Structure formats: structure tokens, C-alpha cells
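The structure appears right after this line, and notes come after that.
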There are 2 protein chains.
Amino acid sequence: MDLDTVRTFVAAAEAGQFQEAAAELAVTQQAVSKRIAALERALGVRLFTRTPRGAELTIDGQAFLPHARELLRTAERAVASVRTDRRPLRVDVINSRGAATGLMREFHRAHPEIELDVVMLLEIDTAVAAIRSGAIDASFRAVAAPGRPLPEDVEAVRVLDEPLQLLTGPAHALAGARSVTLAELAGHRIWMPGVVPGTEWTAYYDDLVAEFGLTIEATGPNFGSDALLDTIADTPALATFMSERTRLVWPAGHGLRRIPVTGPTPVYPHALLWRRDNPHPGLAALRAHLAGAAGGRDTAGTWMPDWVIPR
Amino acid sequence: MDLDTVRTFVAAAEAGQFQEAAAELAVTQQAVSKRIAALERALGVRLFTRTPRGAELTIDGQAFLPHARELLRTAERAVASVRTDRRPLRVDVINSRGAATGLMREFHRAHPEIELDVVMLLEIDTAVAAIRSGAIDASFRAVAAPGRPLPEDVEAVRVLDEPLQLLTGPAHALAGARSVTLAELAGHRIWMPGVVPGTEWTAYYDDLVAEFGLTIEATGPNFGSDALLDTIADTPALATFMSERTRLVWPAGHGLRRIPVTGPTPVYPHALLWRRDNPHPGLAALRAHLAGAAGGRDTAGTWMPDWVIPR
DNA sequence: CTAGGGCCACAACGATCGGTTGTGGTGGGG
DNA sequence: CCCCACCACAACCGATCGTTGTGGCCCTAG
């Protein structure tokens, strides 16, 4: 199907005749006639009843019309998403399981008029380069990079601290615990699929492992959240970390347990990075929104690496 | 833009290489290469970075991908809307101001999984013919037609009685009234634009006029609800009927007044018409929903024509 | 009743587009 | 170091799409 054909259909439906639609589209009436005929052949239904005074929609045509309009609107948005000037606000999030997507959804609810595009860049160097080049407008990251400072023109602000909980199946040794300390987790297998090597997630968990002697496996393909929950539920010797903010929806009977971790509570920090002179109006709104929604500055009893961006 | 091109883009993005995408789409690798190049030229951005081991998305490509998927889904829905088998439930409503659209929105909220298409057919003969032929699945109507019975295979059930109120501007002679009787409305100009001659709306208001000696004008083009409200607000000698269920949103300062009509209250009846042997699963759900949401069977102190479909 | 005008469909022709085959270039792995 | 896998470019060819020209239909005015 060709969008020009759909555009022709909408124009003809609005004009009520092919001739006028043809004039609007700067083609001949015969071209319009052929396009409509082709569309009707492709769909297998008649869209117009031709009269000597024009053409009016059949019932099928009436039903198709709003879908055709929606199709054109969608196409327009698709094209707009890659326009170099005035495109939607483009934000990089590190992965779909983290809190960043939640923040973005919240921002979208608060500002539905601001068009958004979400991308996932994995590597922080890629993200910083994209921010500097203007390919993206902002990125949710834990840090610039352990030990490496951010460039002059890139600013960063910590916007959310995400406390982690332990998630186990019903047969896990710690399933009955009211809470566990990080020291008690030593020796237990913690599984974090989807944590891509080379990202600051890795650095975070590497630090956690080094400091508390945990066993964290990032191996194995990431088949998505559902598969992860299934495996955790069925495997007694396996657990994973999950944000205490994450709202889980899983089938009853899995019996998954969320166990608070204390002494200290590992907290994953999220910062927003952007280029200082990026003029996108949506960026200012996003920063304002995140500044308002921050909260939770109490760091007592929590742990995070010492190389994170300060608040 | 051509949807085949978009499909090619999505296939290539999913496969990570042009070759595999080409195999999936049953074309040559060169064709995929040309399509992608053409799409990139049309959009003015590079969508893939070509490597000797495949092609991966640029940031622009990543941003474009969800829009491309959405475009294909929208196209699929558009095509499905005119499929002869298993198409969305197609319901005719008499116009967008009435209660029928509200009922449909409510039904959609209750059953978001049922795809809906709404059409407007105006003439009841057209609607009945469309119901019999299967072109539409159901129609909201006041009646079959004054004095004319419905065909054997078309069933009808009254689903909603819509009490009417008077709507006036602040300078109207009745603006201060707590309520008015139909008899008191004699001599006042009532304006009902958008009531199309030949529909059962006309028959309804004709009956109302004949019985209570009102002056109802259906003349003038219908410029939509906003224009109607503007005119009512500014014209002291003009009023209109409006459902008491209608939620109005108008700018402050208009000072519009809603005045209950009594002795008796005119009630506009809505019935659902459908073909007895129509097997569409959505139709059964719609009927069940409307049966549950009906209510308001008290007819004391109300008026409606005697030719309406009984409850 | 007829002539004319407005509108859509069909036919023939030409240009452009999109697909295929054939070939070259490039980077990673055995 | 060579080979393989993959993508891009070129030439060719058929299908498609738009144009011009024409005919038919119906409504309206004279």
C-alpha cells in the first residue's frame, strides 16, 4: 500500500469528487481515478459510489476513512521523529527494566504535548558522543564513567536513587526471611540477565561484588522480564535484584518473594545527562519535571559506588 | 512513502542484516539495499551503519523503528476495517451530539479488546438496508420509521431514554426560570441545527411541535457544537434542546443556562437495531453491555412519540 | 426535447521506478 | 593470508504510474 494513494483517498472523500481532489494534489482527474481504483482492488471493496455529480463514500469507505486519516497522521509522526529540526525529545534509557522508563512515562503523563522518542544506547561513550553531537537530547546514566570526568559541555544531575530488593522463588533458602543483609548474600547465586558488559551497570555490580563478596552472574541471553521471573520462581538456588519501585505483574502461583536488603541497602543511582547548550524546549521541561519529582535524599544505611555523580 | 519500504526497514532492523531480511521478504539483497537507501534519501538521515557483518541501526534508526512498527500496525488495522470476514464491529450512530456516541465510548472502555468502527448513515432506510446486507452490524435509531414496521430479520431494543433540557443564553427570557413546561415554550424559537430532514429526529420534533405548538427551526448549516453554543449564548431570543446527560465544556463567561423541562419532560428514545442472524461476536457483547447499562425505565411525567419501539 | 456542461472511466503512450543479475569492495576469522 | 559473508554499484528489463485523448452518463437550462 502506498501512502500517496491513501492521501488521495482522503482528499477525494473530503472533496466529494475526484476532480477537486486531483486539483488539490496537482495531478489529473484520471490519475485520481486510477489510484482509487487500485486501492479498491487492493482492499477488495468498493470505497466510493460514482455519481454524475461526484463520488460519495460507501459504508466501507466511511469505515475506512478514519483509519486512513490515522495512517497519515502516524506517517507524519514517523517522519517527524527523524527531522533534524524540531524533532521529538529523544531520550536514551539504559534498559527497560530500570526506573528510567518509569520516570519517562510519568513525564509523558505530566506533559502529553511533548513528543517523546526513547532509544537505548548501552555504552556510555556512545551516549555522551550522541549527546554532544545532538543525536539525542538526554540520557539516563549512573555516571559519566568510573574515574573518568564528563566533557565540559555535558551536564549531569542525579535525579533518582533506586533501592534494590532481592527477588526469589518460594523454594529459595532466603524465601522466608523478613530481610537480608548484603553479607548474608555471599555465596548465593544472583542472576542479572540483560546487564550488558561494558555499561556502568557492570561497573556498579562489579563494585558490589568486590565490596561484599557476592556472586553475581550476568551471563545468559535476556529473554525478557517474564522469562526471568519464570526462572527465578522455579529455581531454588537463584535470586535477582529488582527495584523496590517496580510494579510486578505475574501469574498467581509463582509465589515470588520480594525481600528488602539492609546493612546497607544497595541503591542504584540514576542521573540525567544533557548538553549544556541544547535548546530543545522539551529538555527544559524534562529537567524541571525531574527536579520536582526527585525526593529521597536520605543516604543513611545505603550503599552505592563512590564514583557516582553527586547530588 | 511506501509501506513495503517501511516493512523492509523493520525486517532489516530485526534481522540486523539486509541479507536475512531479503530472504524473509522473498526479494534479493540488492532490492533491500535499494529500498533502504531510498528511504534514507526520502527521510534525509542515515538509518543503518553498514558493517561487513551486517547493518545496525543508527540512533535515528532506533528512534524511527517504533514509529515504523506503529505505522505497520495502523495499516493493518486500516485494512482489517474493510475485510469482509472478521472485521471490527461496525456501528451506525445518528450523529455525534446524541447519547449514542457516549454509549459507544462507554462500551469501548468496558471492552477495549473489541475493535470498533463508527459510521453515520443519516437515513433510516439506508441503515436498515445496511444492517440486512451486513454492511453494518448495528445502528442506533429512535424507531424503525413512523408507522412503518421493521423487516422480519431486523431486531430492535430500546436501550436508552434521553431526557431533554432547554439550553439558553443569559439574556433569554427564560434564563432565570427554575424549570419550564412544554406549554410555556410555545412562541419561543427553538433552534436545532444538524437535525437532518428525513431522519427520525425530524419525525420526533415534528410530533413535538404538533402536540405542544412549539416553534422549532432545523434550518441553517450545522457548524458544530461550539458554534451552536456561541450562537445560543449571544442570541436572547434563541434556545435549543440538549440532553441532560451531555457534559458541556464551554468557555467561562458564556453564561449558558440549562433549564429542566417538565409537564411533561420530552424524552428522546434510543434503540439498537441489528440483524437477527448476525454472528459477529462483538454484537453480542454490545447487546449485553447495553442491557446492563440501560436503567431509567420510569416514564411518568415524560413525553415521547407513540410510534417508538417499546421497551 | 435537446444541447451543453460537469464528472468519471477506459485506452494508448511515455517516463520513471523497482526488481533482478552480475560484479566489486571491505573487514573479520580460520 | 586467504576466504567468506555481507553490502554497494551498474546495467538491464518489466511493471507501474501519470499524462493526453476520448467516450458515456446524468442533470439542467433553454
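Naming: A, B, ... by sequence-line order, numbering from 1 per chain. The shown structure was predicted, so the numbers you read here are calculated from the model rather than taken from an experiment.
- The residues Arg35(B) and Asp4(B) are annotated as not salt-bridged, no charged nitrogen and carboxylate oxygen being separated by less than 4.0 angstrom.
- Taking the charged nitrogens against the carboxylate oxygens, Glu14(A) and Arg69(A) do have a contact shorter than 4.0 Å, which makes a salt bridge.
- Checked against dT21(C), dC27(D), dA8(D), the side chain of Gln29(B) finds its nearest nucleotide in dA8(D).
- In this structure, Leu39(B) places its CG atom 12 Å from P of dG18(C), rounding to the nearest Å.
- Residue Met104(B) comes nearest to Val93(B) through the heavy atom pair CG-CG1, 4.2 Å, listed as atom of the first residue, atom of the second, then distance.
- Note on Arg73(A) versus Glu70(A): salt bridge recorded, some NZ/NE/NH1/NH2 to OD/OE distance being below 4.0 Å.
- Both Pro52(A) and Ala26(A) sit near DNA chain D, but only Ala26(A) has its closest nucleotide nearer the 5' end.
- Protein atom CD of Glu20(A) is 15 Å distant from nucleotide atom C1' of dC8(C), rounded to whole Å.
- Straight-line distance from the CD atom of Glu56(B) to the P atom of dG28(C): 12 Å, rounded to whole Å.
- Checked by distance alone, Gln30(B) brings a side-chain donor or acceptor within 3.5 Å of a matching partner on the base of dG22(C).
- A heavy-atom distance below 4.5 Å is found between the side chains of Ile59(A) and Arg90(B).
- At whole-Å resolution of the value, CZ in Phe18(B) and P in dG25(C) are 20 Å apart.
- Within the 4.0 Å cut-off from OP1 or OP2 of dA9(C), at least one side-chain nitrogen or oxygen of Ser33(A) is found.
- The residue among Ala55(A) and Lys34(A) whose nearest nucleotide of DNA chain C is located toward the 5' end is Ala55(A).
- In this structure, Arg53(B) atom CZ and dC4(D) atom C1' are separated by 13 Å, rounded to whole Å.
- Following rounding to the nearest Å, Asp2(B) (CG) and dA15(D) (P) show an atom-to-atom distance of 18 Å.
- Rounded to an integer number of Å, the gap from Leu25(B) CG to dT20(C) P is 11 Å.
- In this entry the distance linking CZ of Arg46(B) with P of dC7(D) reads 13 Å, nearest Å.
- Between Gly54(A) and Arg35(B), it is Gly54(A) whose nearest contact on DNA chain C lies nearer the 5' terminus.
- For Ala31(A), whose side chain is taken as the heavy atoms from C-beta onward, the closest listed nucleotide among dC8(C), dG18(D), dT21(C) is dG18(D).
- Within the 4.0 angstrom heavy-atom criterion, only backbone atoms of the sugar-phosphate kind lie near Gln17(B); the bases stay farther away.
- Taking only side-chain nitrogens and oxygens, Thr28(B) never comes nearer than 4.0 Å to OP1 or OP2 of dG19(C).
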